[in-house]
Amino acid sequence: MAPTLAGSGPFDGRVHLDTEGAGRATYNKLFCEITCGVDGAATSTSEGAIEEPAAIHLPDGRQFHGVSYRGDIEGWRRCITAACASLGREHAKIYGGALKLSEGGEVALAVCKAGYF
């Protein structure tokens, strides 16, 4: 059974971004680095972030894993995007039927595979 992708619909006051990863072990480390902040990254002042158990597998082999957050929305967004930039990883957001990548690309969700990690 394919998971419901966070960010593909309304989720009770949470905002969602997908972060580039390479499997469960790498993602656990990436999630910690993203939520703990990196040098120069603004950290959030309220609420929290959680990892989503679903992954989006792109046709080119890359994987994106979900992070959702609430509270200090701008603080969390800055923290996550700064961490991705510092670590050389893209972040993405689902808009309509596509995954829009931070580097400007776009991949139709119809050609991606969703799965649990």
Separation of Arg62 CZ from Asp18 CG (nearest 0.5 Å):
12.0 Å
Between Ser86 and Ala82, is there a donor-acceptor pair closer than 3.5 Å when you use the side chain of the first and the backbone of the second?
no
From NE2 (His65) to CD (Glu20), nearest 0.5 Å:
9.0 Å
Please name all residues satisfying salt bridge (Lys or Arg N to Asp or Glu O under 4.0 Å) with Lys113, sequence neighbours left out, ordered by chain then number.
none
Donor-acceptor check, side chain of Thr19 to backbone of His91, threshold 3.5 angstrom: yes or no?
no
Please tell me if the side chains of Leu99 and Phe64 come closer than 4.5 Å, counting only heavy atoms from C-beta onward.
yes
Heavy-atom side-chain contact between Tyr69 and Leu17 under 4.5 Å:
yes
Before giving the answer on side-chain contact (heavy atoms from CB on, under 4.5 Å), spell out for Val15 and Lys93 the whole-Å C-alpha distance, their side-chain angles and the decisive distance to 0.1 Å.
CA-CA 10 Å; Val15 174; Lys93 189 157 182 68; 4.0 Å; yes
Quick one: salt bridge (charged side-chain N to carboxylate O under 4.0 Å, His left out) pairs with a partner in residues 95-104, sequence neighbours left out?
Lys100-Glu106
Check whether any side-chain heavy atom of Thr81 lies under 4.5 Å from a side-chain heavy atom of Ser102, and answer yes or no.
no
Take Ile56 and Ile94 through the side-chain contact (heavy atoms from CB on, under 4.5 Å) test and state the conclusion after the steps.
CA-CA 11 Å; Ile56 301 172; Ile94 295 174; 4.1 Å; yes
With rounding to the nearest 0.5 Å, note down the distance linking CZ in Arg70 to NE2 in His16.
15.5 Å
